Amino acid sequence: MSVFTDDIIGFKSVLRLAYNFLNGNSYLKRQKFKERKKLISVALPFSDLIFASDAVPVFPIRMEKFNIHPYLTALDTAKNLLGWNWTTKLLTIARKFDFLEILDNVLDDVIYTINDKYNELYDLAIDNGIPSDFCYGITGLTGMFISKAKNLDANINFTIRCSAWNKYSETLQDYVPRQIWVDIPPRNLDNSVELLADNVSKAISDLEDVTGNFVTDNSLKKQFRIGNQIKRFYKTILFELSNSDFYPCNPATFAEILALLGISFQDYNSNAQRYLENFSDLVKESRERIDKERGMDVSDMPRILVTPVFGGWEPQVHEILYDLGARTIYADWEILNLLEEIDVSKNSDPIRSYAEFLFKPTTYGIGYNQEALTDSYIETAKELQVDGIVFNQVFGCHSISNCYSRLRKKIRRKLEIPTTVINFNKIGENVEQVKTRLGAFMEMFHL
Ligand code: SF4
C-alpha cells in the first residue's frame, strides 16, 4: 500500500499524532523525572480521572522504544526549530527536489512498527508463562507490564464485564504494587449508580494519595470537557468524513488513521490538550482537502465496518480490502459506547456523571449482555451507513467474539447487508486465509 506523498505533507495533524504516540518513551521520561509527574497505566479509554489528578496516563506500550521512521524524527527536529507550518513549507520545497520518496510509506510504517512491537510483547508474555488461551489483547498487555511496569507509580483497573479481563487485571498486582480499582456493579441493581459513584470516589482518593494532588469538581469537569470535545471530533471523523464520497487521502491511509486514533484514544497520547488540538487540526485539514478535492474519489467503493479490533486484529485487512476495491472503517469505541459525552452542565455532580457514563459501555458494550451488544453493532452499522460488516473473531475471547452467530442473524433480519467472519490469533499468522475470506466476501458486491 502506498500513501500519497501529498497526503503526508498535508496531514501535519496525523504526523503529530503518530510521532507523539511513538515518542512516548522520551516524553514520559521527561514527565516523570523533570516534571515530577506520576505515571499511571490504563488500558481501554478510561484516562479522565488520571488527568484530573494531574498525573500522566500511559497505555503501557507507549513506554517502549520504537524505531521511529527517520522522516518523523526529521520532522520533529524541524518542528522544534521552525514550527509545524514552517516544516510543511520546508517539505514542500524539499519535495520539488525529489528528496522525499521515502514519504510514500511513513504511516504504513507507523502501523507496522506498533504491531511488530505488539507481537514482540505478546511473545514475551507467552515466554513468561501466561496461559496461551488468553486473547491477543490481554496477552500483549501482560507483555507490556512485564517489559516496563517498573516505571509506573500505579495502575488503574475498571472491571468491565469480561471475566478474562478481570482475571488478567488481578495479575497486574505482581507487576505494579499500587493498584487502583473502579468496580462497576451490574446495572440492574436499584442503587447501582450510587454504588458506582462511591467506587469512583474511592478511586479518586487513591489517585490523590498517589499523586499528592487534590481532585476537585472543577478539575474533573475541565477534563471531561476536553474529553467531550475529543469525542465530538472523533464522531465527526467517523460519521461525516468517513461517509464522504471524496476522501482526503486514499482509503487505506484513512483506515490507518482510524487505527491510530483507536490505539491512541486510550491515553490521549498522555497529553489531553495536545491530543485535542491534533484532533481538531485533523478534522480541519481533512475538510480543507476535501473542499479542494485533494485526495481520492471513493464514491464507488463500498464501506466495510471491520470490528472488533481493540483486542487484536490483522492490520493487513484494510490493505486487502483496499486492493479488492473497498474502504475500511474501524469504529470500536463508538460501538462500545465509549464516545458518549459526560454531563458537565452547571449543576451536575461530576462523580455521578462519570458513573453514569461508565455504565453505558459496560451495559451495552463489553461482554455484559450479548443481546445489548449485538443491538449496538446493528445500531452503529445503521448510523454509519456501512455497506458490509467483517466480524473479527479473536481466538481466546469468550465474551465479544462468540456473539457472531447472533449478530449474523440480526444483520440478516434488520440490515440485509453482506457479512463475514475472519479469525485472528496473532498478527501475520493467518493472512492467506483472511485474503481468501475477504475475496469471497467482496464477490457479493460485484454481482
Ligand atoms: S472481551 Fe474478548 S477480546 Fe476483549 S479483553 Fe475480553 S477476552 Fe479479550
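By convention here, the first residue in the shown sequence is residue 1. This one's a predicted model, so the numbers in the text were calculated from it and none came from an experiment. As the structure lists them, so they are numbered: ligands from 1, and atoms in each ligand from 1. Values reported hereafter were calculated over all heavy atoms of this structure, with side chains retained and with hydrogens, waters and symmetry mates removed.
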Q: Answer side chain, backbone, both or neither: which part of Phe134 comes under 4.0 Å from ligand 1, heavy atoms only.
A: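 Neither part.
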
**Q.** Residue portion contacting ligand 1 (non-hydrogen atoms closer than 4.0 Å) for Cys397
**A.**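 Under 4.0 Å from ligand 1, Cys397 contributes backbone and side-chain atoms.
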
Q: Tell me, please, which residues at least two apart from Asp209 pass side chain to side chain donor-acceptor pair (under 3.5 Å).
A: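 Applying side chain to side chain donor-acceptor pair (under 3.5 Å) to Asp209 gives Arg178.
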
(Q) Could you check whether Arg327 makes a cation-pi contact with Tyr247, meaning its NZ or CZ is under 6.0 Å from the centre of the six-membered ring and within 45° of the ring axis? (A)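 Ring-cation test returns yes.
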
Q. Can a cation-pi geometry be assigned to Arg352 and Phe357, taking NZ or CZ under 6.0 Å from the six-membered ring centre and within 45° of the ring axis?
A.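 The answer is no; the distance or angle limit is not met.
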
(Q) At a threshold of 2.8 Å, where the distance has to be below it, does atom 6 (Fe) of ligand 1 have an N, O or S atom of Cys162 nearby? (A)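 Checking Cys162: at least one N, O or S atom is under 2.8 Å.
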
Q: Given ring pair (Phe, Tyr, Trp, His ring centres under 6.0 Å), test Tyr118 with Tyr122 step by step and report yes or no.
A: CA-CA 6 Å; Tyr118 252 105; Tyr122 173 94; 9.7 Å; no

Q.
Which of the numbered atoms in ligand 1 are under 4.0 angstrom from any heavy atom belonging to Trp165?
A.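 Answer, ordered by atom number: 5 (S).
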
(Q) Suppose I only count heavy atoms of Phe310 and a 4.0 Å limit; which atoms of ligand 1 are within that range? (A)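 Numbered from 1, ligand 1 contributes 4 (Fe).
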
**Q.** Centroid-centroid distance, Tyr168 to Phe134, less than 6.0 Å
**A.**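 No, too far apart.
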
Q | Heavy atom of Tyr168, distance to ligand 1 below 4.0 Å | A |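 It does not, in that no heavy atom of Tyr168 comes within the 4.0 Å cut-off of ligand 1.
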
